[in-house]
There are 2 protein chains.
Amino acid sequence: MPRTSERYRDARREYILDAARRAFARNGFHATSMHDLFAEAGLSSGAVYRYFAGKDEVVVAIVEDNIRQIGAMIRAVTEERADGSFGAALAAAVETIQAKHRENGLAGIGVQAWTEALRDPRIGAAFEELLTGLRSELAEVVAHYQRTNTLPPGPSAESLASVTIAILVGYIQQLALLGPDAVADVPDALRALWPSSAVAG
Amino acid sequence: MPRTSERYRDARREYILDAARRAFARNGFHATSMHDLFAEAGLSSGAVYRYFAGKDEVVVAIVEDNIRQIGAMIRAVTEERADGSFGAALAAAVETIQAKHRENGLAGIGVQAWTEALRDPRIGAAFEELLTGLRSELAEVVAHYQRTNTLPPGPSAESLASVTIAILVGYIQQLALLGPDAVADVPDALRALWPSSAVAG
DNA sequence: TAGTCGAAAGAGAACGATCGTTGTCGTTTA
DNA sequence: TAAACGACAACGATCGTTCTCTTTCGACTA
């Protein structure tokens, strides 16, 4: 018979993750020690280790959540805008990412997560799943724009989806490194590159 | 009066950096210890520390070289192809990057460097310089394509340059994470997106 | 309903391991 | 032969983690 409810445990876990996110966004995964994390959360080591088996588990939890966030944002925006132009859908995705980044530093965590994916098999697998899943889903969206002649019919929908992902990933990278203001004009460029009217191919 | 020539010292330094690159590409900057580096180079700590003041200096040297490589490749390709189509120039840049990655794991080091740029001010400054310099140079190239009606005249050349950088950065990211085969069809997509003929805008 | 008991939560000191770095001493070469 | 190179042991610091002890709170009992 547990002393506390499951709701309490979940809330506590989330509280620790929030503190970890702040600390990690400030100094990076590796440069942030567990003691830094304890200080940021205002808790002792014993308290934190009751909810996470180790530092790796904290990192993985944060990265997996970050993956889920980014994936969900891209999916939501591109699908709901399937009737507008391709450029407008892309611009909307970018603007959503930017807004989220301003409030919780999404991009910084994301960039760090990509590097971690190269080393940690668990994170690597999660990213591969995100990217390949996103690619096939975006391929369907892209195919729609190919049929309506706003994207060239020549290349495969999958290859165009890869370019789409590249744009979003590269945008997040610049967002993290240069800040939101430096890339504020990207949405306009995307809308102009792929407007509603037909494009040569 | 030094025991050896300056040429010897330079060669030795480069030898150590090559070993470090291999070790870092395999395990990442942080997960690779100096002892790992000594083993990879087949040298003692004393030998390495005679050429580098510390681990940070090794990392910075490798990252700065990586920045120089990527910047040079993008500049060379986009400038020499200024008479072809924008898509062809982009595809050529991507193919050059892919070839280099196959031979020395360029993309993996690059992705790690981006993360390090968030934390180390020296690396961060180098990257900001690369990105902003590249952006203004690419803006001139892009402006050329805007004048010849192969890119829409509406958006600023700088904003289109940011999108161009995003594509290249995002491509490198996918190259590192998914491997060359998974993104082999990207060049074709780029050529199809921006062919020689005029594009609506 | 008040009191008691047991288990979970949390604090905090401390430990073992590892890492980056240094210092010493032999070796090599202009 | 003097100075740089290089090997190697070892050091201090730091980090992730554990262990012990106290505190807290829900459940059961009278």
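Since we're looking at a predicted model, the values are computed, not measured. Heavy atoms only: backbone and side chains are in, while hydrogens, waters and symmetry mates are out. Chain naming here is simple, since letters A, B, ... match the order of the sequence lines and numbering starts at 1 in each.
Taking the side chain as every heavy atom from C-beta outward, B:L190 and B:I167 approach each other to under 4.5 Å. B:V169 is listed as a side-chain neighbour of B:W114, based on a closest heavy-atom distance under 4.5 Å.
With sequence neighbours left out, B:E40 forms a salt bridge (charged side-chain N to carboxylate O under 4.0 Å, His left out) with B:R22, B:R26. Take B:A20 and apply the side-chain contact (heavy atoms from CB on, under 4.5 Å) test, not counting sequence neighbours, and it matches B:F24, B:L37, B:V58, B:I62.
Across residues 113-123 of chain A, not one residue has a non-hydrogen atom less than 4.0 Å from an atom of DNA chain D. Within residues 10-19 of chain A, no residue is approached by DNA chain D to less than 4.0 Å at the level of any non-hydrogen atom.
Under a 4.0 Å N-O distance rule, the pair B:R191/B:D188 qualifies as a salt bridge. Taking 4.0 Å as the cut-off between side-chain N and carboxylate O, A:R13 and A:D18 do not count as a salt-bridged pair. Residues A:R21 and A:E14 are paired through a salt bridge, judged by an N-O separation under 4.0 Å between the basic side chain and the carboxylate.
Looking at the side chain of B:Y8, the nearest of the listed nucleotides C:dA9, D:dC5, C:dT21 is D:dC5. Comparing C:dT21, D:dC5, C:dG10 by their closest approach to the side chain of B:F38 singles out C:dT21. The side chain of A:L43 sits closest to C:dA11 out of D:dC5, D:dA7, C:dA11.
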Strictly under 3.5 Å: I want the nitrogen or oxygen pairs between protein and nucleotides 18-20 of chain C, one per line.
unit_1: C:dG20; atom_1: OP1; unit_2: B:K55; atom_2: NZ; d: 2.6
unit_1: C:dG20; atom_1: OP2; unit_2: B:M34; atom_2: N; d: 2.6
unit_1: C:dG20; atom_1: N7; unit_2: B:H35; atom_2: NE2; d: 3.4

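Rounded to an integer number of Å, the gap from B:Y51 OH to D:dA4 P is 12 Å. Between B:E6 atom CD and D:dA3 atom P there is a gap of 20 Å when expressed in whole angstrom units.
Contact check, B:R9 against D:dC5: a side-chain N or O comes under 4.0 Å of OP1 or OP2.
Mapping A:S45 and A:R50 onto DNA chain C via the closest heavy atom, the residue that lands nearer the 5' end is A:R50.
In terms of modelled atom types and a separation under 3.5 Å, the side chain of A:K100 and the main chain of A:E95 share no donor-acceptor contact. Remark: side-chain polar atoms of A:T150 are not paired, donor with acceptor, to backbone N or O of A:S85 under 3.5 angstrom.
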N/O donor to acceptor pairs below 3.5 angstrom from side-chain atoms of residues 130-140 of chain B, sequence neighbours left out:
unit_1: B:T132; atom_1: OG1; unit_2: B:E128; atom_2: O; d: 2.7
unit_1: B:T132; atom_1: OG1; unit_2: B:E129; atom_2: O; d: 3.3
unit_1: B:R135; atom_1: NH1; unit_2: A:A182; atom_2: O; d: 3.4
unit_1: B:R135; atom_1: NH1; unit_2: B:S162; atom_2: OG; d: 2.4
unit_1: B:S136; atom_1: OG; unit_2: B:T132; atom_2: O; d: 3.4
unit_1: B:S136; atom_1: OG; unit_2: B:G133; atom_2: O; d: 3.0
unit_1: B:E137; atom_1: OE1; unit_2: B:R75; atom_2: NE; d: 2.6
unit_1: B:E137; atom_1: OE2; unit_2: B:R75; atom_2: NE; d: 3.0
unit_1: B:E137; atom_1: OE2; unit_2: B:R75; atom_2: NH2; d: 3.1

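From A:H101, atom NE2 reaches atom CG of A:L175 across 4.0 Å, with rounding to the nearest 0.5 Å.
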